[in-house]
Amino acid sequence: MRFMKHAGAAVLAAALLSSSAMAADMTVGFSQIGSESGWRAAETSVTRQEAEKRGIDLKFADAQQKQENQIKAIRSFIAQGVDAILLAPVVATGWDQVLEEAQEAEIPVVLLDRMVDSSDDLYLTAVGSDLVHEGRVAGEWLVETVGDKECNVVELEGTTGSSPAIDRKNGFAEAIAGHDNIEIVRAQTGDFTRTKGKEVMESFLKAEGGGQNICALYAHNDDMAVGAIQAIKEAGLKPGEDILVVSIDAVPDIFQAMAAGEANATVELTPNMAGPAFDALEKFKADGTMPPKFIQTESKLYTQADDPMAVYEEKKGLGY
């Protein structure tokens with residue numbers, strides 16, 4: 001594997017430097033998708049905090065939800081000769097060429113929170129949750145909550161083609177499979193944003209008898225759910241009661257909604273992907289230690305029974 005030449009040089013450096021000193025010597029490029037959600041903003045904030053804590057020089061590039069901007073950023077990082085690149089990919093496909101360029105330059109790439117449809121030889125490791133599992137946890141919560149009741153579900157999907165949208169959809173579908181009383185009657189992308197989530201939910205409500213035919217909303221992230229909650233209220237219905245709301249990410253605002261009885265459940269996606277990523281990079285730089293190809297984070301279910309305001313207080317300072 002071509003990463004090994006880079007590792008060999010790092011082994012020589014390790015004879016002279018402590019691992020903490022090497023961390024301080026690292027320059028890492030971070031190609032972030034953008035700031036489409038509160039969770040994404042928190043991931044950026046926590047990544048910067050982790051880099052500062054370790055003395056890593058972090059070069060940040062905001063792609064504004066465009067893959068072409070991410071590819072340009074990665075090529076810029078390569079030209080600058082960074083020691084490593086963190087990539088949160090906006091979509092799953094179309095990365096082979098630029099990842100090959102990084103590999104040719106002997107710069108390891110670590111994926112954060114999303115996967116790519118490329119050979120795993122082209123990146124050092126990926127840090128993320130099990131996205132299918134997240135969707136499955138949300139679906140299992142709904143199955144348990146509604147029991148045998150007939151339940152028409154509307155689904156706010158994430159960005160088309162992104163791994164969270166694909167996997168969170170599949171996991172939810174797996175969980176409700178075999179439960180004929182639960183049916184997804186409408187599904188459309190809300191692009192992970194509050195504005196689009198509200199807009200699409202308004203169209204769902206109009207199409208389903210003003211919301212009378214909707215039992216539950218499943219949103220691929222909390223920001224879309226928060227936008228949808230506003231649409232439900234404006235339609236004269238009570239979110240969390242007339243329409244159950246389950247979503248994913250566990251951002252602070254969804255806990256405020258749960259405390260108000262307007263959301264029912266969320267599945268946590270930790271914003272600290274950078275900590276495990278930097279740990280892996282530091283070990284790799286020190287002596288060539290190869291990390292596992294996937295480093296999994298925890299996915300925890302929160303409901304209204306989990307003191308949502310206390311959780312809100314814990315999370316609100318993380319940059320969401």
Side-chain angles (χ1 to χ4, degrees), residues 1-10 13 22-37 40-41 43-48 50-52 54-128 158-166 191-192 273-274 276-278 280-282 284-285 288 290-291 293-295:
M1 192 173 184
R2 278 173 280 188
F3 285 137
M4 295 313 294
K5 182 178 177 182
H6 180 89
M22 284 186 292
D25 284 345
M26 275 208 292
T27 298
V28 178
F30 178 25
S31 175
Q32 177 60 288
I33 291 168
S35 55
E36 84 283 6
S37 65
R40 186 68 52 193
E43 183 190 40
T44 296
S45 176
V46 171
T47 301
R48 285 178 160 144
E50 284 288 328
E52 184 176 359
R54 297 163 188 256
I56 293 170
D57 179 12
L58 188 73
K59 297 186 178 296
F60 178 76
D62 182 337
Q64 299 179 325
Q65 282 83 253
K66 294 180 180 178
Q67 184 181 32
E68 58 265 33
N69 290 343
Q70 291 201 289
I71 291 171
K72 288 177 186 175
I74 292 169
R75 286 181 171 145
S76 174
F77 294 149
I78 293 169
Q80 294 173 61
V82 299
D83 296 296
I85 294 170
L86 303 181
L87 168 63
V90 65
V91 293
T93 59
W95 298 103
D96 286 6
Q97 183 175 335
V98 75
L99 290 178
E100 286 169 1
E101 291 169 21
Q103 191 178 73
E104 288 291 343
E106 297 173 2
I107 298 173
V109 174
V110 177
L111 306 178
L112 296 188
D113 76 80
R114 295 187 178 189
M115 300 300 291
V116 297
D117 290 339
S118 298
S119 168
D120 64 11
D121 288 339
L122 293 177
Y123 55 87
L124 181 67
T125 186
V127 180
T159 302
T160 302
S162 69
S163 55
I166 296 165
D191 214 23
F192 286 127
M273 304 286 173
F278 289 144
L281 285 168
E282 286 167 9
F284 178 70
K285 186 177 180 185
M290 296 298 296
K293 276 297 174 182
F294 185 71
I295 301 170

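Side chains included, hydrogens not; waters and symmetry mates left out as well; all remaining heavy atoms used. Numbers here simply count residues along the sequence, with the first being 1.
- Residues passing the side chain to side chain contact (heavy atoms under 4.5 Å, CB included) test with Thr159 are Ser162, Asp191, Phe192, sequence neighbours excluded.
- Between Asp25 and Lys285, none of the side-chain N atoms (NZ, or NE/NH1/NH2) sits under 4.0 Å from a carboxylate O, so this pair counts as no salt bridge.
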Criterion side-chain hydrogen bond (donor to acceptor under 3.5 Å, both in side chains) on Glu43 and Gln32, from CA distance to verdict: CA-CA 9 Å; Glu43 183 190 40; Gln32 177 60 288; 2.9 Å; yes
Side chain to side chain contact (heavy atoms under 4.5 Å, CB included) between Met115 and Phe294, worked out: CA-CA 10 Å; Met115 300 300 291; Phe294 185 71; 4.0 Å; yes
Candidate pair Phe278 and Ile56, rule side chain to side chain contact (heavy atoms under 4.5 Å, CB included), full reasoning: CA-CA 9 Å; Phe278 289 144; Ile56 293 170; 3.7 Å; yes
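- Listed for the Ser37 side chain is a donor-acceptor partner under 3.5 Å among the backbone atoms of Arg40.
- Salt-bridge formation is not detected for the pair Lys72/Glu68: no Lys NZ or Arg NE/NH1/NH2 atom is positioned less than 4.0 Å from an Asp or Glu carboxylate oxygen.
- Here the side chain of Glu104 pairs no donor or acceptor atom with the backbone of Glu100 at under 3.5 angstrom.
- At least one donor-acceptor pair under 3.5 Å links the side chain of Gln103 to the backbone N or O of Asp121.
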Pair Lys59-Val28, side chain to side chain contact (heavy atoms under 4.5 Å, CB included): steps then yes or no: CA-CA 6 Å; Lys59 297 186 178 296; Val28 178; over 6 Å; no
Side chain to side chain contact (heavy atoms under 4.5 Å, CB included) between Asp120 and Leu122, intermediate numbers included: CA-CA 5 Å; Asp120 64 11; Leu122 293 177; over 6 Å; no
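- Of all the heavy atoms in Ala61 and Ala73, the pair that sits closest is CB-CB, 3.7 Å.
- Nearest heavy-atom pair, Ala63 versus Gln70, reported as atom, atom and distance to 0.1 Å: CB-CG, 3.2 Å.
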Determine all donor-acceptor pairs shorter than 3.5 Å in which one atom belongs to a side chain in residues 84-97; sequence neighbours excluded.
{"unit_1": "Trp95", "atom_1": "NE1", "unit_2": "Val91", "atom_2": "O", "d": "2.8"}
{"unit_1": "Asp96", "atom_1": "OD1", "unit_2": "Ser118", "atom_2": "OG", "d": "2.5"}
{"unit_1": "Gln97", "atom_1": "NE2", "unit_2": "Glu101", "atom_2": "OE2", "d": "3.4"}

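- Judged purely by atom type and a 3.5 angstrom limit, Lys293 has no side-chain atom pairing as donor or acceptor with the backbone of Ala126.
- In terms of modelled atom types and a separation under 3.5 Å, the side chain of Asp57 and the main chain of Thr27 share no donor-acceptor contact.
- Closest approach of Ser31 and Phe77 over heavy atoms only: N-CE1, 3.9 Å.
- To the nearest 0.5 Å, atom CG of residue Leu99 and atom CD1 of residue Ile74 are 6.0 Å apart.
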